[in-house]
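First the structure, in the form of structure tokens, and then the observations on it.
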Amino acid sequence: MTSSIRVVLVDTTHPGNIGGAARAIKNMGLSSLYLVSPREFPADRALWRAANAADVLDNAVVVDTLDEAIVGCGLVIGTSARDRRIPWPLLDPRECGERVVAESAHHPVALVFGREDRGLTNEELQKCTYHVHIPANPEYSSLNLAAAVQVITYEVRMAMLQVEQGKIPLQEWDMPPARVEDIELYFQHLEQALVDIGFHDRDNPRQTMARLRRLYSRIRLDEMELSILRGVLTAIQNVAFRLAGEKGKSD
Ligand code: SAH
């Protein structure tokens, strides 16, 4: 269960924070660290801060993009130090810990942390199923990156201990949730279908796709539902192409 919980750090500037995060991860009984294009890694400063968690650094998976870091995950939770323009389904750290542990028994789960200076971009946050915010001092709510990893992984640890004591039931559903990469393909298909039927204009997108992403994120599509929806889109596109062809002939 613990190896299916990934901590993902995006574009980290200071290697010391990577080491601090590795230590927090191991202290809380986790092991899996993904680094998306870290500025400096491997690095001595990361090793110093990791103390006896050097094994977490040795096993860290370094990738170029967030998509690669979350591939295969059925649940992705993005952390945010402040409110964003479009509010997203939000968990507090305790709910986050419980959900992560409950779902990690069935599929890989990712906890995504942002850059020291700018956090996660809106595009990255919109790939997440939920957001989690640590309710810190509203006048100074931005924690150090490694400290934020510590708080969130502590809640995961507390939830794991609760599960061991039978206090949190593990979640059951007849179908696995759709994997993030399949959801990304669905959104590409949906956008194309909306263009094909003249509903959506890529040159004037407004917030349509962001709002649709949020809608689906609230629903939590499973694999079967996703494949039905892909079939519906293809059928709609076929009608649109046929009508366009008939119109082309009669013009
Ligand atoms: N100035 C940035 C803060 C980045 S802090 C911003 O406004 O977004 C670096 C990272 O630490 C964040 O991307 C997030 O992953 C985590 N973090 C810091 N404070 C947090 C908080 N209060 N709740 C959740 N995550 C937090």
Side-chain angles (χ1 to χ4, degrees), residues 5-28 30 32-41 43 45-46 49-50 53 56-57 60-70 73 75-101 103-104 108-159 180 210 214 217:
I5 302 174
R6 303 178 191 172
V7 171
V8 179
L9 307 185
V10 178
D11 270 354
T12 312
T13 306
H14 301 292
N17 280 331
I18 298 176
R23 182 173 187 169
I25 288 167
K26 186 165 177 181
N27 280 147
M28 295 301 115
L30 302 179
S32 178
L33 176 63
Y34 281 63
L35 303 172
V36 179
S37 55
R39 184 173 298 176
E40 199 188 326
F41 187 81
R45 278 180 296 163
R49 277 282 299 280
V56 175
L57 293 181
V61 180
V62 181
V63 291
D64 290 329
T65 62
L66 176 59
D67 285 333
E68 291 167 84
I70 59 181
C73 289
L75 172 68
V76 179
I77 300 186
T79 53
S80 178
R82 60 195 153 101
D83 288 341
R84 301 288 166 153
R85 201 148 43 109
I86 298 190
W88 216 253
L90 187 68
L91 302 174
D92 67 33
R94 196 135 306 163
E95 294 165 329
C96 167
E98 290 173 2
R99 185 160 280 277
V100 163
V101 171
E103 293 201 24
S104 67
V109 167
L111 289 162
V112 185
F113 294 83
R115 300 155 186 83
E116 289 93 335
D117 55 344
R118 287 177 294 123
L120 294 166
T121 63
N122 283 337
E123 195 192 333
E124 288 160 349
L125 283 165
Q126 286 169 13
K127 289 182 190 289
C128 300
T129 330
Y130 295 100
H131 293 170
V132 60
H133 173 70
I134 300 164
N137 177 359
E139 280 154 36
Y140 188 37
S141 67
S142 172
L143 278 72
N144 162 263
L145 171 60
V149 173
Q150 182 72 79
V151 171
I152 298 295
T153 54
Y154 169 74
E155 291 296 344
V156 171
R157 174 96 186 140
M158 291 302 285
V180 279
R214 184 172 71 164
S217 158

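Computation of the quantities below employed the complete heavy-atom set of this structure, encompassing side-chain atoms and omitting hydrogens, waters and symmetry-equivalent molecules. Each ligand, and each atom within it, is numbered from 1 in the order the structure gives. Computed from a predicted model, the values in this text were never measured in an experiment.
Ligand 1 has an N or O atom lying under 3.5 Å from an N or O atom of Ser141, backbone or side chain. Ligand 1 has no N or O atom lying under 3.5 Å from any N or O atom of Phe113, backbone or side chain. The shortest N or O to N or O distance between Ala136 and ligand 1 is not under 3.5 Å.
Remark: ligand 1 atoms within the under-4.0 Å shell around heavy atoms of Val132 are 24 (C). Against a heavy-atom cut-off of under 4.0 Å, Thr79 is close to the following atoms of ligand 1: 14 (C), 15 (O), 25 (N). Atoms of ligand 1 lying under 4.0 Å from at least one heavy atom of Ala148, given by number and element, are 11 (O), 16 (C), 17 (N), 18 (C), 26 (C). The distance from ligand 1 to the heavy atoms of Arg118 drops below 4.0 Å at these ligand atoms: 2 (C), 8 (O).
Nearest heavy-atom pair, Tyr154 versus Met28, reported as atom, atom and distance to 0.1 Å: CA-SD, 3.6 Å. Contact between Arg115 and Thr121 at its shortest, heavy atoms only, is NH1-N, 3.9 Å. Between Gly114 and Thr79, the shortest heavy-atom distance links the atoms N-OG1, 4.2 Å. Considering all non-hydrogen atoms of both residues, Trp88 and Ser217 come closest at NE1-OG, 3.5 Å.
No side-chain heavy atom of Ile77 sits under 4.5 Å from any side-chain heavy atom of Val112. Side-chain contact between Leu35 and Val63 is absent, with no heavy-atom pair separated by less than 4.5 Å.
Looking at Pro135 against ligand 1, nothing comes within 4.0 Å, counting heavy atoms. Counting heavy atoms closer than 4.0 Å to ligand 1, residue Asp117 contributes backbone atoms (N, CA, C, O) but none from C-beta onward. Heavy atoms of Asn144 found under 4.0 angstrom from ligand 1: none, in either backbone or side chain.
Look at Val149 and you'll find every heavy atom at least 4.0 Å from all atoms of ligand 1.
To the nearest 0.5 Å, the span separating OG on Ser37 from CG on Leu9 amounts to 11.0 Å.
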The test is salt bridge (Lys or Arg N to Asp or Glu O under 4.0 Å); show your working for Glu98 and Arg94 and say whether it passes.
CA-CA 6 Å; Glu98 290 173 2; Arg94 196 135 306 163; over 6 Å; no
